[in-house]
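Each ligand, and each atom within it, is numbered from 1 in the order the structure gives.
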Amino acid sequence: MPLPPSDDTISAIATAPGMGAIGIVRLSGPRALEVASRVFRPASGRVVQDIPPGRATFGHVVDGDTLLDEGLLLGFRAPKSATGQDVAELQVHGGTALLQAVQAACLRAGARAAGPGEFTLRAFLAGRIDLAQAESVQALVSARSDAARRHATLGLTGALSARLDAIQRELTALYAAVLAVLDYPEEGVPDAEIAEPLERATRAIDELLATAAAGRAATQGARLALVGKPNAGKSSLLNALLGYERSIVSDEPGTTRDYLEAPLELGRVTVTAVDTAGLRETSDTVEASGVRAAERLAAGADVVVALVDASRPLDASDVHLVTRLEGPRTVWVASKADLPPVWPDDALGARPLRVSTRTGEGLDALRATLEETLVGDAAASEVWVVHERHEAALREAREALERARFAPDDLRGLDLETALRALGAITGRTEVAEDTLAEVFARFCVGK
Ligand SMILES: Nc1nc2c(ncn2[C@@H]2O[C@H](COP(=O)(O)OP(=O)(O)OP(=O)(O)O)[C@@H](O)[C@H]2O)c(=O)[nH]1
Ligand SMILES: [Mg+2]
């Protein structure tokens, strides 16, 4: 799909549809201020083009001779604006019909209706932000959880780009060294000069890749399944974690028949918590299918909370549950910890967290353990890989570096180029190859 032109003047309603205190129509392009001057009359009588950049001016918003609203005009001059172009912002009252009328007036005055993301695209093309930051803009406005919002904010600062820059610098220097060997094979390059930087770059990529699962959990929401025997306290625990009564609780085993879901924030990650029917063999067919669904959910979950009632003796089915669900993604809970325990902590092998939904005991520890289980190795890194495109590019670069490690001298350069191109695609710096050539050239001058 071809990109839209970026040298004309575009206009769009910048605020969300619906009623609001303020609505904004934004213009960007060489004629932004000229278009603004046709739809805005400063109360001071000044000419729009003469208003100092960044200074808000009060006046009338008009369509021809028709008054639309009173409002503010804010203008910026290229290249000192968000898009790197002339930009004008009309701030009016936040009514849908009004904003549509202001937008229509701008179009009549010579602007083109902007397509999706065109302002951000222009910011990228002008070099104001890189591609990863542009993606963070989109992630920020679409973030539905605080966890997703935090990562988008961090992405906006270029934190990932800075990490990638460091890796790219290392690989570019290495690439130059590899090419130099080809030109001056008699001089050679000590193996360590290649192996060590390769290893450092690989490790840095691995550190980023190790955050991808947590990144998904932070932005898309991981799945948490609550499983255990009927009456173990699963629905009570879901409600306690959520802080409201989402699921029906009763002392009747088999209360939860179907399964139900609720979004749950756990610090740096968000999960969809799934309450399931109690796991047991049963002759009741409705419940039997619920049990199968629970087992499937546990298998497909990113983290499983497995409950065993601490107030009742363990039986064969508890042992069965433990052996079926044991694993690094399973968190064991001894439920109803407020009642006298009838089995010791180590009876299950894995030591369970003692939790009571009556007293609140163990709930904070459970939250922390769940977050930790989902965050895993990503805890060490502030920057998480939250976009699948970035993860795929990092994997491609990683594979190319792996090949480079064992490649003969004359092929190693190609693998390094592949890795650099993959990393460059994340930030959208397609001139990576030019950078690389410049570095190679500089090296020749110095070396020989
Ligand atoms: N004393 C005590 N009772 C609890 C606790 N948690 C749950 N219960 C009781 O245990 C019974 C079963 O709770 P539920 O949350 O419905 O259990 P469940 O695992 O969802 O049960 P099913 O949906 O039937 O599989 C209810 O009577 C709860 O009030 C707890 O921490 N302490
Ligand atoms: Mg239940």
Return the residue, atom name and 0.1 Å-rounded distance of the protein heavy atom closest to [atom].
| atom | result |
| --- | --- |
| atom 26 (C) of ligand 1 | Ser250 O, 3.4 Å |
| atom 1 (N) of ligand 1 | Asp338 OD2, 2.9 Å |
| atom 12 (C) of ligand 1 | Asn231 OD1, 3.0 Å |
| atom 29 (O) of ligand 1 | Arg358 NH2, 2.9 Å |
| atom 18 (P) of ligand 1 | Lys234 N, 3.5 Å |
| atom 28 (C) of ligand 1 | Val249 CG1, 3.6 Å |
| atom 10 (O) of ligand 1 | Lys336 NZ, 3.0 Å |
| atom 5 (C) of ligand 1 | Thr357 OG1, 3.3 Å |

Which ligand 1 atoms does [X] reach within 4.0 Å, using its non-hydrogen atoms?
| X | answer |
| --- | --- |
| Pro230 | 25 (O) |
| Ser235 | 15 (O), 18 (P), 20 (O) |
| Ser236 | 6 (N), 7 (C), 13 (O), 14 (P), 15 (O), 28 (C) |
| Ala232 | 19 (O) |

Item to check | Between Thr272 and Glu261: side-chain donor-acceptor atoms closer than 3.5 Å | outcome: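 Checked: Thr272/Glu261 side chains show no N/O donor-acceptor pair below 3.5 Å.
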
In terms of heavy-atom contacts, does [atom1] of [X] have more than 12 from other residues, nucleotides or ligands at under 6.0 Å?
| X | atom1 | result |
| --- | --- | --- |
| Glu402 | CD | yes |
| Arg55 | CZ | no |
| Glu326 | CD | yes |

Checklist entry - With a cut-off of 2.8 Å, does any N, O or S atom of Ser235 fall short of it relative to the Mg ion (ligand 2)? => result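 For Ser235, the answer is yes, given that an N, O or S atom comes within less than 2.8 Å of the Mg ion (ligand 2).
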
Is any side-chain N of the basic residue among [X] and [Y] closer than 4.0 Å to the acidic one's carboxylate O?
| X | Y | value |
| --- | --- | --- |
| Arg203 | Glu199 | yes |
| Arg216 | Asp302 | no |
| Asp7 | Arg112 | no |
| Glu399 | Arg395 | no |
| Glu396 | Arg421 | no |

Next on the checklist: Please classify the Leu339 to ligand 1 contact at 4.0 Å (heavy-atom distances, strictly less than): side chain, backbone, both or neither.
Outcome noted: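 Within the 4.0 Å criterion, Leu339 contacts ligand 1 through side-chain atoms alone.
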
